[in-house]
Amino acid sequence: MAEVLKAGPGLELRPLNLRDAPALFALVDANRDRLRRWLPWPDANQSPADSRTYILRMRTQVRAGVGQSFGLWWKGGLVGVAGFNWIDAANRSAAIGYWLAEAAEGRGLMTAAVAALLRHGFRTLKLNRIEIRAGVWNRRSRAIPKRLGFRHEGTLRQVEHLADRTVDHAVYGLLASEWRRR
Ligand SMILES: CC(C)(COP(=O)(O)OP(=O)(O)OC[C@H]1O[C@@H](n2cnc3c(N)ncnc32)[C@H](O)[C@@H]1OP(=O)(O)O)[C@@H](O)C(=O)NCCC(=O)NCCS
């Protein structure tokens with residue numbers, strides 16, 4: 001089962017619980033317009049029941065070992081979500097995804113959260129490769145793997161349909177051997 005990950009002073013990644021559904025939905029709803037610029041799912045999340053469904057789906061993924069999603073809690077409040085969008089155990093490979101409420105941006109919180117996910121992924125889950133994909137024009141998202149020493153591996157063309165356009169993804173990868181050397 002996923003555990004609580006310490007990411008810094010007052011900053012924790014906690015497995016999402018069903019009782020978090022109202023707070024999670026409120027956060028998505030308040031940030032809907034900016035999230036839909038870069039993520040495909042906000043338009044399908046229209047009620048706390050949709051957030052419950054998401055949390056239940058994530059639990060199933062954790063049980064199957066194919067994904068892990070955490071609420072990012074800062075000073076006791078939910079400020080975003082981060083986790084492994086998929087885990088490929090056979091190839092010891094996984095992809096990290098994340099989003100943050102606008103009020104929590106610009107403080108390094110997500111960089112610290114992703115650093116905690118890297119420790120969890122490489123040490124506990126024994127992964128060999130972790131990747132992050134970001135829209136090529138998503139400057140804030142791309143800055144996170146760059147800050148954490150990922151290598152830019154290339155571009156996937158027209159790989160994601162968003163609400164109003166189709167975007168290319170920049171792919172960043174970090175190997176366990178590179179992470180240990182840092
Ligand atoms: C992508 C996203 C999570 C990035 O948020 P962010 O706040 O820029 O990232 P961090 O929390 O790591 O903070 C980094 C910022 O804090 C600043 N900062 C302050 N203290 C810092 C510290 N100790 N360490 C690192 N950065 C710090 C950095 O300079 C940077 O600000 P800048 O871009 O103005 O230079 C956020 O913009 C978001 O949720 N966007 C919408 C959804 C999305 O795009 N998700 C990703 C899809 S691939």
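First listed ligand is number 1; within each ligand, the first listed atom is number 1. Not measured: the values here are computed from a predicted model. When reading the values below, keep in mind they use all heavy atoms of this one structure, side chains included, and skip hydrogens, waters and symmetry mates.
Two residues are said to be in side-chain contact when any heavy atoms from C-beta on lie closer than 4.5 Å; Tyr172 and Ile96 fail this criterion. Leu148 is not listed as a side-chain neighbour of Leu174, based on a closest heavy-atom distance of 4.5 Å or more.
Enclosure of atom CH2 in Trp137 is not indicated, since only 12 or fewer non-hydrogen atoms of other residues, nucleotides or ligands lie within 6.0 angstrom. Remark: Arg182 CZ is packed, more than 12 non-hydrogen atoms of other residues, nucleotides or ligands lying under 6.0 Å away. By the 6.0 Å contact criterion, CZ on Arg151 is open, its count of non-hydrogen atoms from other residues, nucleotides or ligands being 12 or less.
Using a 4.0 angstrom heavy-atom cutoff, Ala143 does not count as in contact with ligand 1. Residue Arg139 places a heavy atom under 4.0 Å from ligand 1. Heavy atoms of Arg147 come nearer than 4.0 angstrom to ligand 1 in at least one pair. Look at Arg37 and you'll find every heavy atom at least 4.0 Å from all atoms of ligand 1.
A cation-pi arrangement is present between Arg165 and Trp38, with the terminal nitrogen or guanidinium carbon under 6.0 Å from the aromatic centre and inside a 45° cone about the axis.
Atoms of ligand 1 lying under 4.0 Å from any heavy atom of Trp99, numbered from 1 in the order shown and given with element: 39 (O), 42 (C). Of all atoms in ligand 1, numbered sequentially from 1 with element shown, those under 4.0 Å from a heavy atom of Leu109 are 10 (P), 11 (O). For ligand 1, the atoms lying closer than 4.0 Å to a non-hydrogen atom of Arg107 are 13 (O), 16 (O), 18 (N), 19 (C), 20 (N), 21 (C), 27 (C).
Nearest to atom 43 (C) of ligand 1 among the protein's heavy atoms is Asn138 ND2, 3.9 Å.
The backbone N or O of Phe25 lies less than 3.5 Å from no partner atom in the side chain of Asn45, so there is not a single donor-acceptor pair. At distances below 3.5 Å, not a single donor-acceptor pair connects side-chain atoms of Arg37 with backbone N or O atoms of Leu162.
Residue contacts with ligand 1, taken as heavy atom pairs separated by less than 4.0 Å, do not involve Val114 at all.
Checking atom 35 (O) of ligand 1 against the protein gives no heavy-atom contact under 4.0 Å.
Relative to atom 1 (C) of ligand 1, the option among Gly106, Gly108, Ser141 with the closest non-hydrogen atom is Ser141. Of the listed options Thr111, Val81, Val79, Thr111 places a heavy atom closest to atom 12 (O) of ligand 1.
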